[in-house]
Amino acid sequence: MKKSVYAYLMASSLLTQLASADDSILHRVLLDGTRASQLGLFDSAGAGTITQKNIETWNLNRPGDIFELIPGVVVMQASGEGKANQFFLRGMNLDHGTDLRSNLDDMPINQRSHSHGQGWTDLNFIIPELIARIDYKKGAFDARNGDFSSAGSADLFYSTQLPRAIVSTSLGELGYARVLLADTIESKGNQNARWLYAIESVHKNGPFLQPDHYQKRNGFLKFSQGYANNGASISLMASQAQWTASDAIPTRAVAQGLLKNAYDSMDTSDGGRSQRISLSGIWRRTTSDEATQMSAYLIKQNLALFSNFTYFLEEPIRGDQIAQPDDRITSGFKFQRTWHTHRNHSDISTDITLGTQVQDDHISNALNKTQERQVFATVRSDQIHESSVALYLQAHSRWNSWLRTQMGLRDDYYRFAVDSNRIENSGNSFAHRWSPHLNLIAETGSATELFASAGRGFHSNDARATTQHIDVTTGEPSTPSPGLVASRSFELGLRGEWQRGWLSSASLYRLDFDSELHFQGDRGSTEAGAASRRVGIEVTQQLQALSWLNLSLALAYAKARQFDGQNYAHYVSDAIEGVAQFSINIEKLGPWSSALHWRYVGPRPLNETNTVRAQAVASLNARIAYQFSKNWQLELEGFNLTNQNAAAAEYLYTSRLKNETSAQEDRHIHPADPRTLRLKLVYRF
C-alpha cells in the first residue's frame with residue numbers, strides 16, 4: 001500500500017514537471033514506483049532526461065546549443081547563422097547530424113539524402129521555451145531508434161500547455177534581437193482541451209565584417225485534448241530564415257594581408273535561405289494493462305545553400321562557389337503498443353512493446369556551380385524517392401527486486417530510387433538490416449545500478465551513393481555504396497546516489513563501424529572510408545549542494561582509430577578526444593538566480609597521421625536574473641566572457657587563393673563569437 005501511494009505521488013509530480021508530455025518513464029513510474037532521483041528509470045548508463053528547468057538555466061547562443069545539455073555533446077557553428085550546426089559525440093564528428101538521431105514530438109528532424117550532408121539536422125526552427133523535456137540515449141540500445149542513432153539519440157517534446165503566458169524581448173551585441181510571444185488558451189466548454197501558440201522573430205548580424213543579416217520567423221500552433229497518457233494533439237509549425245554566411249577562411253589569407261582578420265570573408269555572396277512547414281498529430285491511450293500510441297506527420301522543407309570552401313581551386317576565373325538546393329516532402333506514420341504483464345504473488349513483471357515506423361521522402365536536390373549565387377553549370381541533379389519500413393519488438397522485464405532486463409529486435413527495410421541527370425547514376429536499390437540489443441541492469445543495496453549493454457545499429461547512406469556508377473567529378477567508374485552501414489555498440493556503466501542530492505554516473509563504451517563510406521554533397525560523389533572503432537569513458541556528477549545551489553560536472557574521453565587492414569592504427573580526422581563541462585546554478589536566492597557554464601573542447605587530429613591538430617578551446621558563459629515582481633524578470637547573459645580568440649570550427653584541406661598558381665594545404669577556421677552580452681526582459685502572466 002505504501003509503495004502504491006508513493007508511486008501515485010511521484011507520478012503526479014512528474015506530470016506537473018513535464019508539462020503533460022508523455023513518455024515511457026512516466027509509465028514506468030506508475031507501474032514500478034521508482035524514485036525521483038532517476039534511479040530505476042533508464043536501461044543504459046548513457047541515457048537521461050533534460051527538463052525545461054534545465055533549459056531555462058542554460059545559456060543558448062543558438063537553438064542548437066540545447067544539445068550541449070546532453071553530457072559529452074559538443075555543438076559548433078561552422079558557418080553563418082541559419083545553417084545546421086555541427087555536432088560531436090563519443091569521438092565522432094557527426095557533421096550536421098549523421099549518427100545522432102533527433103526527433104520532435106515523434107517527427108524526424110534528420111533529413112536523409114540531403115544535398116549538403118547525410119542526416120542534416122537543422123534545429124533553428126526549435127523554440128526552447130516550448131520544450132517540456134529532452135530524452136537522450138547514447139549507443140544503439142533501444143529498438144525504437146533506428147537510422148542515425150549509433151552514437152546517440154535525442155527526443156524533444158513540446159509542451160501541450162504553458163503555466164503562464166510568455167512575452168520575451170532580447171537585445172544584444174552583434175546586432176542581436178529576439179521577440180517571443182507564447183500562450184495557452186483553454187477551449188471554452190472543455191477544460192481538457194487547449195490551444196498553445198507561439199510567435200518568434202530573430203535577427204543577428206554576428207561579428208563579421210560582412211554581416212550575417214540573419215532573419216528568422218517562427219510560428220507554432222498546437223491543439224491538444226486530454227492528458228499525458230490519454231489524449232491527442234495536432235501541431236502546425238512554420239519557419240523561414242535567410243542569411244549571408246561567413247564560411248571558414250584559410251589562415252594564410254590573413255597572414256598575407258588578403259583578409260583583414262579572422263572575421264573577414266572569402267566570398268561575401270555565401271549564405272542561404274530555408275523554409276520548413278509541418279503538420280503532425282499524436283494519439284495516446286493508456287490503461288493499467290496496456291498503452292497505445294499512434295502518430296503521423298507531413299513535412300515540407302526546402303533549402304538554398306551557397307558555399308565556397310576552396311575559392312579558386314576548380315574554377316580559377318569564376319570561383320568555386322557551389323549551390324546545393326534541396327526541396328523535399330517527408331511523410332510518415334508510427335504505431336506502438338505496450339502490454340504489461342505481472343505474475344500473481346511474484347516480483348516478475350514484463351512490458352512487451354510492438355511497434356512499426358514508416359517514412360517516405362520525395363526529394364529534389366542538386367549540386368550547381370555558381371558565381372554570386374548565379375548558376376553557370378550543373379554538376380548533378382537528382383530526383384530521389386526514399387522509403388523505409390521498420391518493425392520492432394522490445395521486452396522490458398523485472399525479474400526480482402534487483403535484476404531487470406531490456407531486450408529488443410528491430411527490422412528495417414529501405415528502398416532507394418534515383419532519377420539522375422546522368423542516366424548511369426539512375427536506378428533502384430534495396431537494403432535490409434536486423435538490429436538486436438540487450439541491456440542488463442542490476443540494482444544493489446547501496447542505491448547503485450550496474451549496466452551492461454550491447455546492441456547493433458546502423459546509418460543509411462545517401463540514396464545517390466547507392467546507385468552511382470560514374471563519379472560526376474572525375475568521370476571515372478564508381479562502385480555503388482551499400483544502403484545501410486552497420487555499427488556495434490558495447491557499454492558498461494553505473495549510476496548511483498551516494499547521498500541525497502548527489503547523483504553520479506560513469507560508463508565505458510566501444511563503438512565499431514563496418515565502414516565510414518559517406519556521400520560528399522560538396523563534390524556530388526562518394527568518399528570511401530575504412531572500418532573504425534571508438535573506445536571511451538564518460539563520467540557525470542550532479543550535486544544539490546544547498547537548497548539554492550546546484551553543481552554539475554561532465555567529463556568524456558574518446559580514442560578513435562581507423563582500421564588499416566591489420567590494426568586500428570590510423571587516427572580519425574576531427575575526432576575530439578576530450579570534453580569537459582562544469583556548471584554552477586543558483587536558484588531562488590531571494591529574487592536572484594544565476595548560472596555559470598564552463599566548457600572545454602580538447603584537441604583533435606585534423607588528418608589521419610595526427611601531424612596537424614586542432615587546439616583545445618575553453619569558453620565561459622554566464623547569466624544572472626532578477627525577478628522584481630511576480631510577472632517581470634530581467635536577465636543578463638554573457639557569452640565567451642574571457643574573450644577567447646579561438647576557432648569555433650577548424651579543418652585541414654586544400655584550397656587555392658586567387659593570387660596563387662597552385663593549390664595549398666592549409667588550416668581553415670571559422671572563428672568563435674567574441675565576448676557578447678545580451679539583455680532579456682521577460683513578462684509572464
Side-chain angles (χ1 to χ4, degrees), residues 3-4 6-54 69-71 132-139 141-145 152-157 228-229 286 291 293 336 338 340 347 349-351 353 394-408 437-453 491 493-498 500-507 538 540-542 544 552 554:
K3 184 176 180 181
S4 300
Y6 183 76
Y8 175 80
L9 292 175
M10 286 308 306
S12 301
S13 174
L14 278 178
L15 272 171
T16 302
Q17 177 183 353
L18 301 182
S20 299
D22 178 42
D23 69 355
S24 59
I25 294 176
L26 179 59
H27 188 57
R28 186 93 43 84
V29 170
L30 286 167
L31 295 176
D32 296 339
T34 47
R35 300 167 52 183
S37 66
Q38 296 189 359
L39 292 178
L41 297 181
F42 305 107
D43 297 311
S44 62
T49 292
I50 299 163
T51 67
Q52 174 58 226
K53 183 179 178 181
N54 302 133
L69 282 157
I70 303 173
R133 77 179 193 281
I134 303 173
D135 293 341
Y136 66 86
K137 300 179 178 68
K138 301 174 189 176
F141 308 129
D142 193 317
R144 294 169 295 184
N145 296 324
S153 64
D155 288 289
L156 290 73
F157 298 92
N229 283 356
T286 303
Q293 177 174 315
Q336 176 179 289
T338 300
H340 176 68
D347 291 334
S349 63
T350 300
D351 288 347
T353 300
Q394 190 157 266
H396 182 279
S397 301
R398 176 174 289 279
W399 300 100
N400 50 44
S401 61
W402 61 271
L403 178 65
R404 66 182 195 270
T405 61
Q406 186 200 63
M407 298 176 286
H437 77 268
L438 172 64
N439 296 298
L440 302 176
I441 308 98
E443 303 174 8
T444 71
S446 56
T448 303
E449 294 176 316
L450 304 177
F451 300 87
S453 303
E491 185 178 81
L494 64 86
R495 190 191 307 266
E497 187 177 12
W498 312 129
R500 184 176 178 83
W502 181 12
L503 185 65
S504 301
S505 65
S507 60
E538 295 176 333
T540 62
Q541 302 286 325
Q542 298 178 12
Q544 189 71 44
S552 63

Legend entry - Donor-acceptor pair, side chain of Lys138 and main chain of Pro71, under 3.5 angstrom: yes

Legend entry - Atom pair CD1 (Ile50) and CD1 (Ile70), whose distance is rounded to the nearest 0.5 Å: 5.0 Å

Inset, instruction - State which residue, out of Arg398, Gln394, His340, fulfils the side-chain hydrogen bond (donor to acceptor under 3.5 Å, both in side chains) condition with Asp351. - result: His340

Inset, instruction - Kindly write out the residues that satisfy side-chain hydrogen bond (donor to acceptor under 3.5 Å, both in side chains) with Thr540, not counting sequence neighbours, or none if the list is empty. - result: Ser505

Inset, instruction - With rounding to the nearest 0.5 Å, note down the distance linking CZ in Arg133 to CD in Gln52. - result: 12.5 Å

Legend entry - Main-chain N/O of Phe141 paired to Asn439 side chain as donor or acceptor, under 3.5 Å: yes

Inset, instruction - Not counting sequence neighbours, which residues clear side-chain hydrogen bond (donor to acceptor under 3.5 Å, both in side chains) with Asn145? List them please. - result: Ser153

Inset, instruction - Using modelled atom types only, decide if a donor and an acceptor are shared between the side chain of Gln406 and the backbone of Asp43 within a distance under 3.5 Å. - result: no

Legend entry - Candidate pair Phe157 and Asp135, rule side chain to side chain contact (heavy atoms under 4.5 Å, CB included), full reasoning: CA-CA 8 Å; Phe157 298 92; Asp135 293 341; 3.6 Å; yes

Legend entry - Atom of Asn54, atom of Thr49 and distance for their closest heavy-atom approach: OD1-O, 4.3 Å

Legend entry - Euclidean distance, Leu450 CG relative to Ile441 CD1, rounded to 0.5 Å: 10.5 Å

Inset, instruction - Report the C-alpha separation of Thr353 and His396 in whole Å, then their side-chain angles, then the decisive distance to 0.1 Å, and conclude whether the side chain to side chain contact (heavy atoms under 4.5 Å, CB included) test is met. - result: CA-CA 8 Å; Thr353 300; His396 182 279; over 6 Å; no

Legend entry - Any side-chain heavy-atom pair of Phe451 and Glu491 under 4.5 Å: no

Inset, instruction - List for me each residue that meets salt bridge (charged side-chain N to carboxylate O under 4.0 Å, His left out) alongside Glu449, sequence neighbours excluded, and say none if there are none. - result: Arg404

Legend entry - side-chain hydrogen bond (donor to acceptor under 3.5 Å, both in side chains) partners of Ser507, counting only residues at least two apart: none

Legend entry - Shortest non-hydrogen separation from Ala45 to Leu494 and the atoms involved: CB-N, 4.3 Å

Legend entry - Which residues share a side-chain hydrogen bond (donor to acceptor under 3.5 Å, both in side chains) with Trp498, sequence neighbours left out: Ser504

Legend entry - side-chain contact (heavy atoms from CB on, under 4.5 Å) partners of Ala47, counting only residues at least two apart: Phe42, Ser44, Lys137

